[in-house]
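Working notes, structure below.
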Amino acid sequence: MSFEELKARDHEYVMQSYGRFDVAIDHGKNATLWDVEGKEYIDFTSGIGVCCLGYGNEDWSKAIYDQALKLGHISNLFYSEPYVNVAETLCKRTGMSNVFFANSGAESNEGMIKLARKYSFDKYGKGRGTVITLNKSFHGRTITTLAATGQDVFHNYFFPFTEGFRHADANSMDSLESVAGHDVCAVMMELVQGEGGVLPLDVEFVHSVAKLCAERDWLLLIDEVQTGVGRTGSLFAFQQYGIVPDVVSFAKGIAGGLPFGGIMANAKCAGVFTPATHATTFGGNPIAAAAAGVVLEKLDEDLLAQVKEKGEYLRGQIEALDLPCLGKTRGMGLMIGIEVKGDKTNKELAAKLIANGLLCLTAGPGLRLLPPLTITKEEMDKGVAIMKATLS
């Protein structure tokens with residue numbers, strides 16, 4: 001099928017809720033992709049941080065195939081081995097106590113919010129359900145996670161939004177204290193604000209928030225949907241910040257390309273969810289869990305160290321281009337933001353790069369790069385060369 005035929009069918013049969021670029025991807029290998037007409041692309045997006053092992057990974061594919069032949073789905077009314085293996089690995093590698101499995105980042109964050117409110121209700125009763133989040137945050141596209149998101153651009157159309165959220169400025173304890181109150185049960189934040197522009201939080205601020213939460217018995221909720229699963233150079237970003245959250249959400253890269261997510265709770269919160277208080281039909285699906293098992297096996301200390309090295313290398317190469325339309329880079333590991341300068345918008349620059357064979361993302365007013373964690377130096381160099389040729 002040609003690209004134009006595929007695009008026409010999409011416009012006829014699919015709701016037009018996405019502003020897609022004029023590219024139809026057909027297949028890939030590691031961080032290199034080809035479209036339906038055979039054009040090659042270097043991928044600095046990994047499906048918005050999902051395909052952490054790149055494309056065509058044989059071990060990942062075999063695990064999915066083998067599990068699909070064995071057991072595709074059974075529901076959470078019964079036990080199955082794959083999700084238990086993933087839960088054990090996550091707990092042992094993070095120090096958290098137990099796991100609830102979901103299917104997406106938004107669903108995982110919904111579960112985290114529900115857990116915080118139930119923890120507070122069980123201990124203090126009604127009237128203590130407000131969650132403080134940060135301006136420029138992004139927590140999902142359900143009605144509740146949109147309300148939690150601290151960006152006005154998302155607060156439209158879908159009224160009434162879920163109540164019980166107040167927003168504070170990142171890296172400002174004064175701002176956070178100004179929206180606090182006796183009705184607060186938790187603070188929820190991304191350690192690197194992804195959609196807001198790839199903005200790492202200050203370590204001192206994060207420690208101060210953790211201390212305040214402990215003093216007031218607010219839960220410290222860390223949204224690691226984008227920062228987790230090796231993206232920043234550790235299995236989870238909170239491990240580099242030196243904190244122990246009460247609850248952590250994860251999704252995106254955990255199953256390397258299949259819908260999978262969840263939350264991890266510490267010992268204090270391990271017993272909050274009791275039978276019938278939270279559930280999902282597909283959570284812990286055996287096929288997705290088998291894929292996640294391979295991802296976690298691949299993300300050993302050696303690969304995590306490489307993620308940090310690759311991130312430093314890629315940022316250095318981009319800044320060395322000294323392009324007039326690009327400024328400083330920021331981020332952690334292979335979660336990279338690039339300042340955009342001049343009269344072109346980030347969307348215009350991204351469209352030019354994609355047209356010339358480099359897939360990239362936008363975030364806030366800048367560009368955002370989330371390449372596969374397995375990207376090679378050769379692939380990074382090809383991507384930077386496209387950036388130089390396109391934007392010089």
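Along the sequence shown, residues are numbered consecutively beginning with 1. What's counted below: heavy atoms across the whole structure, side chains too, no hydrogens, waters or symmetry copies.
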Q. Taking atom NZ of Lys347 and atom CG of Leu361, what is their separation to the nearest 0.5 Å?
A. 12.5 Å
(Q) Applying the side-chain contact (heavy atoms from CB on, under 4.5 Å) criterion to Phe250, which one of Asp223, Val225, Val99 satisfies it? (A) Val99
Q. Quick one: CG on Leu369 to CG on Leu358, what's the gap to the nearest 0.5 Å?
A. 7.5 Å
Q: To the nearest 0.5 Å, tell me how far His73 NE2 sits from Thr281 OG1.
A: 6.5 Å
(Q) Between Arg166 and Asp183 (salt bridge meaning N to carboxylate O under 4.0 Å), is one present in this structure? (A) yes
Q. Under a single-linkage definition using a 4.5 Å side-chain heavy-atom cutoff for Ile, Leu, Val, Met, Phe, Trp and Tyr, are Tyr241 and Leu90 assigned to the same hydrophobic cluster?
A. yes
Q. If we only count heavy atoms from C-beta on, is the Arg128 to His182 side-chain gap below 4.5 Å?
A. no
Q. Does Thr232 reach the side chain of Leu191, with side-chain heavy atoms less than 4.5 Å apart?
A. no
Q: Verify the neighbour count for atom NE2 of His11: are there more than 12 heavy atoms of other residues, nucleotides or ligands below 6.0 Å?
A: yes
Q) What distance do Asn109 atom CG and Glu224 atom CD have between them, rounded to the nearest 0.5 Å? A) 11.0 Å
Q) When Thr32 is tested against each of Lys382, Glu378, Glu379 for side chain to side chain donor-acceptor pair (under 3.5 Å), which residue passes? A) Glu379
Q. So, are Lys308 and Glu312 salt-bridged, with charged N and O less than 4.0 Å apart?
A. no
(Q) Between Asn30 and Thr376, is there a side-chain donor-acceptor contact under 3.5 Å, judged purely by atom types and distance? (A) no
Q) How about His27 and Tyr55: are their ring centres within less than 6.0 Å of each other? A) no
Q. Between OG of Ser249 and CG of Leu221, what distance do you get to the nearest 0.5 Å?
A. 8.5 Å
Q.
In the structure I gave you, are the side-chain heavy atoms of Phe44 and Leu353 within less than 4.5 Å of one another anywhere?
A. no
**Q.** Heavy-atom side-chain proximity of Gln67 to Pro82 below 4.5 angstrom
**A.** yes
Q. Are the side chain of Asn346 and the backbone of Gly364 linked by a donor-acceptor contact shorter than 3.5 Å?
A. yes
Q. Hey, is Arg368 close enough to Glu195 for a salt bridge, meaning N to O under 4.0 Å?
A. yes
Q) Does any N or O in the side chain of Gln226 come within less than 3.5 Å of the main-chain N or O of Ile48, such that one atom is a donor and the other an acceptor? A) no
**Q.** Hydrophobic cluster of Leu71, others only, ordered by chain and residue number, side-chain cut-off 4.5 Å
**A.** Ile74, Leu77, Phe78
Q. For atom NZ of Lys136, is the number of surrounding heavy atoms from other residues, nucleotides or ligands below 6.0 Å larger than 12?
A. no
Q: Flag yes if Val192 and Val50 sit in one hydrophobic cluster, no otherwise; membership is Ile, Leu, Val, Met, Phe, Trp, Tyr, and two members link when side-chain heavy atoms are under 4.5 Å apart.
A: no
Q) Does any non-hydrogen side-chain atom of Asp217 lie less than 4.5 Å from one of Tyr119? A) yes
**Q.** Neighbour count above 12 (heavy atom, 6.0 Å) for Arg93 CZ
**A.** yes
Q.
Working note: Thr144 + Thr162, criterion side-chain hydrogen bond (donor to acceptor under 3.5 Å, both in side chains); need CA distance, chi angles, decisive distance, verdict.
A. CA-CA 5 Å; Thr144 295; Thr162 307; 2.9 Å; yes
Q) Given a cutoff of under 4.5 Å between side-chain heavy atoms of I, L, V, M, F, W and Y, with clusters grown through shared members, what are the other residues clustered with Val244? A) none
(Q) Using every non-hydrogen atom in the two residues, find where Gly28 and Leu33 come nearest and quote the distance to one decimal. (A) CA-CD2, 3.7 Å
(Q) Lys252 vs Leu370, test: side-chain contact (heavy atoms from CB on, under 4.5 Å). Steps then yes/no. (A) CA-CA 11 Å; Lys252 286 195 181 290; Leu370 300 170; 6.0 Å; no
Q.
Counting neighbours of NZ on Lys118 that are heavy atoms of other residues, nucleotides or ligands and sit closer than 6.0 Å, is the number greater than 12?
A. yes
Q: Verify the neighbour count for atom CD of Glu40: are there more than 12 heavy atoms of other residues, nucleotides or ligands below 6.0 Å?
A: yes
Q: Quick one: name the residues clustered hydrophobically with Tyr124, using the 4.5 Å side-chain heavy-atom rule over I, L, V, M, F, W, Y, and just say none if it's on its own.
A: none
Q. What do you reckon, is CD of Glu215 surrounded by more than 12 foreign heavy atoms closer than 6.0 Å?
A. yes
Q) Is the closest side-chain heavy-atom distance between Phe100 and Ile263 below 4.5 Å? A) yes
Q.
Count I, L, V, M, F, W, Y as connected when their side-chain heavy atoms are under 4.5 Å apart, and connections chain through other members. Are Leu199 and Met335 then in the same cluster?
A. no
Q: Verify whether one side chain among Asp10 and Gln16 offers a donor that lies under 3.5 Å from an acceptor in the other.
A: yes
Q) Counting heavy atoms not belonging to Lys39, are there more than 12 under 6.0 Å from its NZ? A) yes
Q.
Let me confirm one number: the CD-OG1 distance from Glu107 to Thr280, rounded to the nearest 0.5 Å.
A. 4.0 Å
Q | Joint hydrophobic cluster, Met96 plus Ile243, side-chain heavy atoms closer than 4.5 Å | A | yes
Per-pair distances, 0.1 Å, donor-acceptor, side chain in residues 286-302, under 3.5 Å, sequence neighbours excluded:
residue : atom : partner : partner atom : Å
Lys298  : NZ   : Asp59   : OD2          : 2.5
Asp300  : OD1  : Asp302  : N            : 3.3
Asp300  : OD1  : Leu303  : N            : 2.9
Asp302  : OD2  : Gln306  : NE2          : 2.9

(Q) Between Asp66 and Lys62, does any side-chain N to carboxylate O distance fall below 4.0 Å? (A) yes
Q: Compare every heavy atom of Asn266 with every heavy atom of Pro245, then report the nearest pair and how far apart it is.
A: O-ND2, 3.3 Å
Q | Heavy-atom closest contact (Gly54 atom, Thr374 atom, distance) | A | N-OG1, 3.6 Å
Q) For Pro372 and Leu334, which heavy atoms make the closest approach, and how far apart are they? A) O-CD1, 3.9 Å
Q: Compute whether any side-chain donor of one residue and acceptor of the other, for Ser61 and Glu58, lie under 3.5 angstrom apart.
A: no
Q: Going by the side-chain contact (heavy atoms from CB on, under 4.5 Å) test, name the single residue among Ile42, Ile318, Leu367 that passes it with Met387.
A: Ile318
Q | Asp43 side chain to Thr45 side chain, donor-acceptor N/O pair below 3.5 angstrom | A | yes
Q. Charged N to carboxylate O under 4.0 angstrom, Lys92 versus Glu88?
A. yes
(Q) Looking at every non-hydrogen atom in both residues, tell me the closest pair between Gln240 and Ser234 and how far apart they are. (A) NE2-OG, 2.9 Å
Q.
Closer than 3.5 angstrom, by distance alone: can the side chain of Asn76 be matched with the main-chain N or O of Gly283 as a donor-acceptor pair?
A. yes
Q. Which residues pass the salt bridge (charged side-chain N to carboxylate O under 4.0 Å, His left out) test with Arg216, sequence neighbours left out?
A. Glu177
Q) Other hydrophobic cluster members with Ile143, side-chain heavy atoms of Ile/Leu/Val/Met/Phe/Trp/Tyr under 4.5 Å, chained? A) Phe138, Leu146, Val153, Phe154, Tyr157, Phe158, Phe159, Phe161
Q. Within a radius of less than 6.0 Å around NZ of Lys268, do more than 12 heavy atoms belonging to other residues, nucleotides or ligands occur?
A. yes
Q: Would you indicate whether the side-chain heavy atoms of Ser46 and Arg231 approach each other to under 4.5 Å?
A: yes
Q. Does some side-chain heavy atom of Tyr313 sit less than 4.5 Å from a side-chain heavy atom of Asp381?
A. yes
Q) Between His167 and Thr133, is a side-chain hydrogen bond (donor to acceptor under 3.5 Å, both in side chains) present by the stated rule, with each step listed? A) CA-CA 5 Å; His167 310 297; Thr133 66; 2.7 Å; yes
